[in-house]
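As the structure is a prediction and not an experimental result, all values here were calculated from the model.
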Amino acid sequence: ANNANKQVVHTSAYFAKELFKWWNFAASADMYYQAYQLKDERKIFSSSVGYSFSVQNGFSFGNSWSVDSSYYWGSGDLQTMIERNRSSQWLSLSVSKKLLKDTAVVKLSLEDPLNAYQQTLVSNWNGVETLSENKYLSQQISLGFTYRFGREKEHTERNNSSLEEAKRM
């Protein structure tokens, strides 16, 4: 049986800018309020305010090298009437190099290199508090290779004709 109504108010902002020819930057922020109201009463049973932000950077260097980074942090929030997540964070990094006249890319990626990502859940029901900490196997290292098979000219022509068509409208 559903014994409560959930109310959520959420707002977010996003910003992206090429700070320099070699540096692309993006950031986002979210803020949210959640509340559970018991169906038979007008009283708020539990509520929380949560917020999060993320930052992405892309750096392009000479000789077709690039470095990308991404970081996320969340304050944690109410998950159910009695459960709350604590804060969590995530970091990823990558280095890539274009090869073979820019038709191929070799990329080394690191996910959660500091082993910081975990989820902590706190529950409180009738004065009994429980704590659950989950540590994930989120650390990863990968080496990738991507190759484009000669369709770049066709793709560029298609995009140019679409842009020209959009200008005519």
Worksheet item: Should Gln119 and Asn85 be marked as a side-chain contact (heavy atoms from CB on, under 4.5 Å) after you check the CA-CA gap, both sets of side-chain angles, and the distance that decides it?
Response: CA-CA 7 Å; Gln119 185 178 26; Asn85 276 345; 3.3 Å; yes
Item to complete: Taking ring pair (Phe, Tyr, Trp, His ring centres under 6.0 Å) as the test, write out the residues that go with Tyr14, two or more places apart.
Response: none
Worksheet item: Shortest non-hydrogen contact from Gly74 to Ser52?
Response: CA-CB, 3.7 Å
Worksheet item: What residues, two or more places apart in sequence or in another chain, satisfy side-chain contact (heavy atoms from CB on, under 4.5 Å) together with Ser132?
Response: Leu121, Asn134
Response to the item:
Applying ring pair (Phe, Tyr, Trp, His ring centres under 6.0 Å) to Tyr51 and not counting sequence neighbours gives Trp73
Fill in: Straight-line distance of Leu93 CG to Tyr71 OH, nearest 0.5 Å
12.5 Å
Item to complete: Give me the other members of the hydrophobic cluster that Val122 sits in, counting Ile, Leu, Val, Met, Phe, Trp and Tyr linked by side-chain heavy atoms under 4.5 Å, directly or via other members.
Response: Leu131
Worksheet, complete the sentence: So NZ of Lys98 and OG1 of Thr146: to nearest 0.5 Å the spacing works out to 11.5 Å
Worksheet entry | Nearest heavy-atom neighbours spanning Ser75 and Val49 | OG-O, 4.5 Å
Item to complete: May I ask whether Leu108 and Phe145 are part of the same hydrophobic cluster, defined by side-chain heavy atoms of I, L, V, M, F, W, Y residues being less than 4.5 angstrom apart, directly or through others?
Response: yes
Item to complete: Only counting residues at least two apart or in another chain, list the ones meeting side-chain contact (heavy atoms from CB on, under 4.5 Å) with Lys17.
Response: Phe15, Leu19
Fill in: ILVMFWY cluster, Val55 and Val95 together (side-chain gap under 4.5 Å)
yes
Worksheet item: Ile82: what forms a side-chain contact (heavy atoms from CB on, under 4.5 Å) with it, not counting sequence neighbours?
Response: Phe45, Thr80, Trp125
Practice prompt. Describe, in one word, how the ring planes of Phe61 and Phe59 are oriented to each other, choosing from parallel (under 30°), tilted (30 to 60°) and perpendicular (over 60°).
Written response: parallel
Item to complete: Give the other cluster members for Tyr72, using side-chain heavy-atom distances under 4.5 Å between Ile, Leu, Val, Met, Phe, Trp and Tyr residues; answer none if it is isolated.
Response: Trp90, Tyr117, Tyr136
Worksheet item: What's the shortest heavy-atom distance between Pro113 and Leu91, and which atoms?
Response: CD-O, 3.4 Å
Worksheet entry | Those residues that, when tested against Ser94, pass side-chain hydrogen bond (donor to acceptor under 3.5 Å, both in side chains) (two or more places apart) | none
Please list, one pair per line, the donor and acceptor atoms closer than 3.5 Å that link side chains of residues 21-30 to other protein atoms, with sequence neighbours excluded.
from	atom 1	to	atom 2	distance (Å)
Trp23	NE1	Asn57	OD1	2.8
Ser28	OG	Ser54	OG	2.6
Asp30	OD2	His10	NE2	2.8

Item to complete: Apply the test side-chain hydrogen bond (donor to acceptor under 3.5 Å, both in side chains) to residues Glu133 and Gln118: give CA-CA distance (whole Å), side-chain angles for both, the deciding distance (0.1 Å), then the verdict.
Response: CA-CA 7 Å; Glu133 291 185 344; Gln118 70 178 25; 4.7 Å; no
Fill in: Listed partners of Ser48 passing side-chain hydrogen bond (donor to acceptor under 3.5 Å, both in side chains), at least two apart
none
Practice prompt. Please check if Leu114 and Val67 belong to a single hydrophobic cluster, counting links between Ile, Leu, Val, Met, Phe, Trp and Tyr side chain heavy atoms closer than 4.5 Å.
Written response: yes
Worksheet item: Does Arg148 use its side chain to pair, donor to acceptor, with the backbone of Val105 at less than 3.5 Å?
Response: no
Worksheet, complete the sentence: Note: Ser47 and Arg84 closest approach over all heavy atoms is O-NH2, 2.8 Å
Discussion item. I need the minimum non-hydrogen distance between Gln7 and Gln37, along with the two atoms involved.
Written reply: NE2-OE1, 3.2 Å
Worksheet item: Ignoring hydrogens and geometry, is there a side-chain-to-backbone donor-acceptor pair from Lys135 to Asn115 under 3.5 Å?
Response: yes
Practice prompt. Identify, with sequence neighbours excluded, every residue that meets side-chain contact (heavy atoms from CB on, under 4.5 Å) alongside Leu99.
Written response: Lys97, Ala104, Val106
Worksheet entry | Residues forming a side-chain hydrogen bond (donor to acceptor under 3.5 Å, both in side chains) with Gln34, sequence neighbours excluded | Lys6, Asp77
Worksheet, complete the sentence: Closest non-hydrogen atoms of Glu83 and Ser123, given as atom of the first, atom of the second and distance, are CG-OG, 3.1 Å
Worksheet item: Looking at CD of Glu111 and OG of Ser70, how far apart are the two atoms once the value is rounded to the nearest 0.5 Å?
Response: 8.5 Å
